[in-house]
Amino acid sequence: MEKIANLLITWFQYKKRELPWRKNRSPYRVWVSEIILQQTKVEQGKAYFERFMAQFPNIKSLATADQKDVLKVWEGLGYYSRARNLHKAANQIIDHHNGVFPNSHEKIIALKGVGKYTAGAILSFAWNRPYPAIDGNTVRVTTRVFGIHMDAHHAYVQRHIASLITELYKYSSPKEINESIIELGALICRPKNPLCTECPINNHCVAKEQNTIHLLPLLKKKAQPRERVLHFILLHGPKDTIYIELRQKSDIWKGLYTPLLIEGIELSASAEELLSETAKRNIKIDNLTKTNTLIHKLTHQTLHINIWQATTKERTSYFIKRSDLSNFPTPKPFISIFKKISE
DNA sequence: AAAACGGGGCG
DNA sequence: CGCCCAGTTTT
């Protein structure tokens, strides 16, 4: 174990990437970057991190912002609950910790959106405290190096990995141990085509020795995504206004704004059928025409989307000036559409 | 314990 | 275009 720890950190000090969040490891920066990096590739996360930090440089500025503006910075990144939780947790810190980022594991993991991994990352990266940060990279590296041929999600395996990582803390700092393992997983011990010849610990890798690297880690199969049909109507009102609605249910895109949504009728539905649906919602519309249809794939749902155009003479509170559209966070399929309309 | 939650990238 | 990646909350 001592040899592995030393090889890892020597490699890391030499090969680690220069990343925006590594410039200054304040708890706030570590926290924001770790939330952004959940389910997100480093390359995509960089620009979002820079913009987020520019707009919300500290806990207070984030806490006092409108959730809508936090989601606007998050627009296009996906898993929007991360942004809502980040905003809520900033307020938790203001309300319960006097605006100062808490430094105990118990208090950090109590923050909305912070689970075991993120708590470990904050404690180790910001304060060099000995808490494992077990993410997908860590699981991949450790199951291979130690030859763990068991379901990686199983609680027993997670505890085993944690104890192996903790043992490495005897030989080097938790901060560098955690970060070097994650970096090794990202750069060398990749899911496909790992670069074993460049790996600093290839001589200590059980899976390499067994020729079982391609089999590890052992992961469960995912469920099939469900199919879903959505009709969106770009509804133009008087005086350069457009109808938008806030998604509020516990469903995809909560907190974001979309055009008028009609769900529950088939993809091939006629304009007449849509008209009767809008009538049910007491919205009188004219000139309804279909403009295009697209498929938007999410991990858990495949969305079949029809986009329509229509006009109306009504003007309720759901209508905003087209030029204000850019202030409203919207899901990926509508970013370019809204941009075009607002011009 | 299982399902829900986006979007990007690769072959 | 099918397949892969994956922490936290909710159910």
Peer 1: Are A:Trp74 and A:Leu298 connected in a single hydrophobic cluster, I mean Ile/Leu/Val/Met/Phe/Trp/Tyr linked by side-chain heavy atoms less than 4.5 Å apart?
Peer 2: yes
Peer 1: Give me the distance, rounded to whole Å, that separates B:dC10 from C:dG7 when you measure between the C1' atoms they each carry.
Peer 2: 23 Å
Peer 1: Looking only at side-chain atoms of A:Asn193, point me to the closest of B:dG6, B:dG11, C:dG7.
Peer 2: B:dG11
Peer 1: Can you check whether A:Trp253 has a side-chain N or O nearer than 4.0 Å to OP1 or OP2 of B:dA4?
Peer 2: no
Peer 1: Where the side chain of A:Pro191 is concerned, which of B:dG6, C:dC5, C:dG7 is the nearest nucleotide?
Peer 2: C:dC5
Peer 1: For A:Gln301 and B:dG7, what is the distance between atoms CD and P respectively, to the nearest whole Å?
Peer 2: 11 Å
Peer 1: Once you apply a heavy-atom cut-off of 4.0 Å, does A:Arg190 come out as touching a base, just sugar-phosphate, or nothing?
Peer 2: nothing
Peer 1: Pick the closest DNA chain C nucleotide for A:Lys41 and for A:Lys112 by heavy atoms, then say which residue is nearer the 5' end.
Peer 2: A:Lys41
Peer 1: Considering only the P atoms, how many Å lie between B:dG6 and C:dT11, rounded to the nearest integer?
Peer 2: 14 Å
Peer 1: Could you state the atom-to-atom distance from CD of A:Gln38 to P of B:dG7 in whole Å?
Peer 2: 16 Å
Peer 1: Using the benzene-type ring in the case of Trp, are the ring centres of A:Tyr48 and A:Phe52 under 6.0 Å apart?
Peer 2: no
Peer 1: Between the base of B:dG6 and the side chain of A:Thr299, is there a donor-acceptor distance below 3.5 Å?
Peer 2: yes
Peer 1: Give, for atom OG of A:Ser26 and atom CH2 of A:Trp127, the distance between the pair rounded to the nearest 0.5 Å.
Peer 2: 9.0 Å
Peer 1: A:Leu215 CG to C:dC4 P: how many Å, rounded?
Peer 2: 14 Å
Peer 1: Checking side-chain hydrogen bond (donor to acceptor under 3.5 Å, both in side chains) for the pair A:Glu34/A:Tyr117: CA distance, chi angles, key distance, verdict?
Peer 2: CA-CA 9 Å; A:Glu34 288 303 333; A:Tyr117 164 75; 2.6 Å; yes
Peer 1: Write down the distance between CG (A:Leu71) and P (B:dG7), rounded to a whole number of angstrom.
Peer 2: 12 Å
Peer 1: Round to the nearest Å and state the distance from A:Lys192 atom NZ to B:dG8 atom P.
Peer 2: 20 Å
Peer 1: Looking at A:Glu263 and A:Arg228, is there a salt bridge between them, counting it only when a charged N and a carboxylate O are closer than 4.0 Å?
Peer 2: yes
Peer 1: Quick one: A:Ile252 CD1 to B:dG7 C1', roughly how many Å, whole number?
Peer 2: 12 Å
Peer 1: Taking only side-chain nitrogens and oxygens of A:Arg140, does any of them come within less than 4.0 Å of OP1 or OP2 of C:dA6?
Peer 2: yes
Peer 1: Between A:Glu43 and A:Gln39, who's closer to the 5' end of DNA chain B by nearest nucleotide?
Peer 2: A:Gln39
Peer 1: Does C:dT9 have OP1 or OP2 under 4.0 Å away from a side-chain N or O of A:Lys254?
Peer 2: no
Peer 1: Taking all atoms of both residues into account, what is the closest heavy-atom pair of A:Tyr257 and A:Lys68, and its distance?
Peer 2: OH-CD, 3.7 Å
Peer 1: Measure from CG on A:Leu37 to P on B:dG8 and round the result to the nearest Å.
Peer 2: 15 Å
Peer 1: Please report, rounded to the nearest Å, how far the P atom of C:dT11 is from the NZ atom of A:Lys249.
Peer 2: 15 Å
Peer 1: Under 4.0 Å between any heavy atoms, over every strand shown, what does A:Val139 touch: base, sugar-phosphate, or nothing? Just pick one.
Peer 2: nothing
Peer 1: A:His296 side chain N/O closer than 4.0 Å to the phosphate oxygens (OP1, OP2) of B:dG6?
Peer 2: no
Peer 1: Select from A:Lys297 and A:Tyr79 the residue whose nearest nucleotide in DNA chain C is closer to the 5' end of that strand.
Peer 2: A:Lys297
